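Take a look at the structure below.
Residue numbers begin at 1 in each chain, while the letters A, B, ... track the order of the sequences. Remember, it's a predicted structure, so these values are computed and weren't measured experimentally.
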Amino acid sequence: MPELPEVEVTCRNVARWTSARRVRELAVDDPAVLRSGDPTSVVGANVAPAYRRAKLCLIPLGTQVLVVHLRMTGKLVRAGPGRRAPRLRLTLDDGCVVVFEDVRRLGQAWLVLDAELPGFLATHAPGAEPWPVVRDGEWLRAALSGKRGPVKTALMDGRRISGVGNIGASEACWRAAVDPQRRVPDLSPPEWSRLMDGVRGWIGDTIAAEDGDEIVYLQHGGVNPFHVYGRAGAACPRCGAAIARLVQSGRATFHCAGCQA
DNA sequence: AATTATGTTGCTAT
DNA sequence: CATAGCAACATAAT
């Protein structure tokens with residue numbers, strides 16, 4: 001279940017495995033996964049370095065781009081023993097096979113013509129990027145202006161900011177020492193600044209912690225690299241109070257009532 | 001059996 | 001018109 005850091009690591013991996021090669025085959029194993037384009041049209045195409053936009057992984061193939069959204073359980077890995085049934089396989093001319101695995105099959109892929117990419121991204125990745133470009137607290141406040149609800153929920157609005165999901169929103173609030181239930185209109189400039197630093201810190205630290213060929217998600221037994229997410233009952237790393245779990249807009253939030261004001 | 005899961009979209013109510 | 005909350009999507013694990 002990837003957010004911005006996991007997608008960023010995935011894109012770097014795909015770029016390392018595939019760029020400067022040619023496409024031998026794009027095989028569609030699950031017909032429901034590919035939402036647009038003709039997989040036979042990319043055979044022989046030159047592969048340029050994959051990159052991330054919002055939570056999308058974009059892989060340039062000649063004059064088209066293979067866009068992949070991992071959604072909840074998707075991952076892009078190299079073929080090998082013990083792998084689960086793929087939904088999509090990209091085979092390169094050097095024999096490398098990148099597979100799209102996705103247990104819950106909520107993920108999607110599209111083949112998009114270069115000329116249509118801007119329009120596609122405007123629809124599927126409308127929010128502003130919080131990273132790697134350096135943003136400050138005033139930028140974040142402006143990005144979320146008009147919102148009235150809890151700051152944690154606001155941070156997850158992909159039409160305003162890209163890449164911050166349920167984990168990142170909890171982690172950013174904890175790093176900022178801001179209660180996730182606080183309302184957007186009530187936050188002060190120093191709090192906005194700490195929240196923006198919290199978002200950046202969560203992204204940078206999580207990329208560093210999860211760097212590698214395959215990210216093992218928490219549900220599949222992966223190591224938890226987060227401060228509060230998934231740690232209800234544990235001691236807060238900052239003040240020692242017990243981490244609490246609550247539900248906001250139907251999603252789990254983790255926070256420390258001791259030091260998040 | 002019921003609950004939970006790191007995402008997005010579309011509907012409805014406000 | 002914009003925002004907030006919720007169901008739905010599909011599957012597995014506890």
Report task. Rounded off to whole Å, could you give me the CD1-to-P distance for the A:Ile215 and B:dG7 pair? Result -> 13 Å

Query raised in the report: Rounded to the nearest Å, what distance is computed from the CD atom of residue A:Gln108 to the P atom of nucleotide B:dT8?
Result: 11 Å

Query raised in the report: Rounded to the Å, how far apart are A:Leu106 CG and B:dA5 C1'?
Result: 11 Å

Report task. Starting at atom NE2 of A:His69, determine the distance to atom P of B:dT9, rounded to an integer number of angstrom. Result -> 7 Å

Report summary line: note: A:Arg104, atom CZ; B:dG7, atom C1'; distance rounded to Å ~ 9 Å

Query raised in the report: According to the Watson-Crick and G-U wobble definitions, with both distances under 3.5 Å, which nucleotide is paired to C:dA10?
Result: none

Query raised in the report: Which part of the nucleic acid does A:Arg84 contact within heavy-atom distance under 4.0 Å: base, sugar-phosphate only, or nothing?
Result: nothing

Report task. Decide yes or no for A:Pro150 and A:Arg182: does some side-chain heavy atom of the first lie under 4.5 Å from some side-chain heavy atom of the second? Result -> no

Query raised in the report: Hey, does A:Leu218 reach any base, or is it just sugar-phosphate, or nothing, if we go heavy atoms under 4.0 Å?
Result: base

Report summary line: Pairing partner of C:dC1, by Watson-Crick or G-U wobble and under 3.5 Å for both distances, is none

Report task. Measure from the side-chain N and O atoms of A:Glu171 to the backbone N and O of A:Tyr229, and report whether any donor-acceptor pair falls under 3.5 Å. Result -> yes

Report task. Among A:Asp94, A:Asn46, A:Asp93, find the one that has a side chain to side chain donor-acceptor pair (under 3.5 Å) with A:Arg21. Result -> A:Asp94

Query raised in the report: Nearest-Å distance, CD (A:Glu3) to C1' (B:dG7)?
Result: 9 Å

**Report entry** Sugar-phosphate only, base, or nothing, as touched by A:Gly230 at under 4.0 Å among non-hydrogen atoms
**Finding:** nothing

Requested in this report: Looking at every strand, decide which applies to A:Arg71 at a 4.0 Å heavy-atom threshold: base, sugar-phosphate, or nothing.
Outcome: base

Do any N or O atoms of the protein come closer than 3.5 Å to N or O atoms of nucleotides 11-14 of chain B, and which pairs are they?
none

Report task. Check whether any side-chain N or O of A:Arg251 sits under 4.0 Å from OP1 or OP2 of B:dT4, and answer yes or no. Result -> no

Report task. Have a look at A:Arg160 and say if it touches a base, only the backbone sugar-phosphate, or nothing, with a 4.0 Å heavy-atom cut-off. Result -> sugar-phosphate

Report task. Please determine which of A:Gln248, A:Arg245, A:Gln181 meets the side chain to side chain donor-acceptor pair (under 3.5 Å) test together with A:Thr253. Result -> A:Gln248

**Report entry** Which residues share a side-chain contact (heavy atoms from CB on, under 4.5 Å) with A:Arg238, sequence neighbours left out
**Finding:** A:Trp174, A:Ala177, A:Cys236, A:Cys259, A:Gln260

Query raised in the report: Do the side chain of A:Glu210 and the main chain of A:Ile215 share a donor and acceptor less than 3.5 angstrom apart?
Result: no

Query raised in the report: If you measure from the P atom in C:dC1 to the same atom in B:dT8, how many Å do you get, rounded?
Result: 26 Å

Query raised in the report: Would a distance-only check, ignoring hydrogens and angles, find a side-chain to backbone donor-acceptor pair under 3.5 Å from A:Arg53 to A:Ala125?
Result: yes

Query raised in the report: Can A:Arg78 and A:Asp213 be said to form a salt bridge (charged side-chain N to carboxylate O under 4.0 Å, His left out), step by step?
Result: CA-CA 8 Å; A:Arg78 276 179 299 183; A:Asp213 282 359; 2.6 Å; yes

Report summary line: 5'-most to 3'-most nt of DNA chain C touching chain A (<4.0 Å, heavy-atom partner on protein side) reads C:dT3 to C:dA12

Query raised in the report: Whole-Å distance between B:dT9 P and A:Leu56 CG?
Result: 9 Å

Query - Non-hydrogen side-chain atoms of A:Leu90 and A:Val14 separated by less than 4.5 Å - result: no

Query raised in the report: Any donor and acceptor pair, going by atom type alone, linking the side chain of A:Thr10 with main-chain N or O of A:Glu6 inside 3.5 Å?
Result: yes

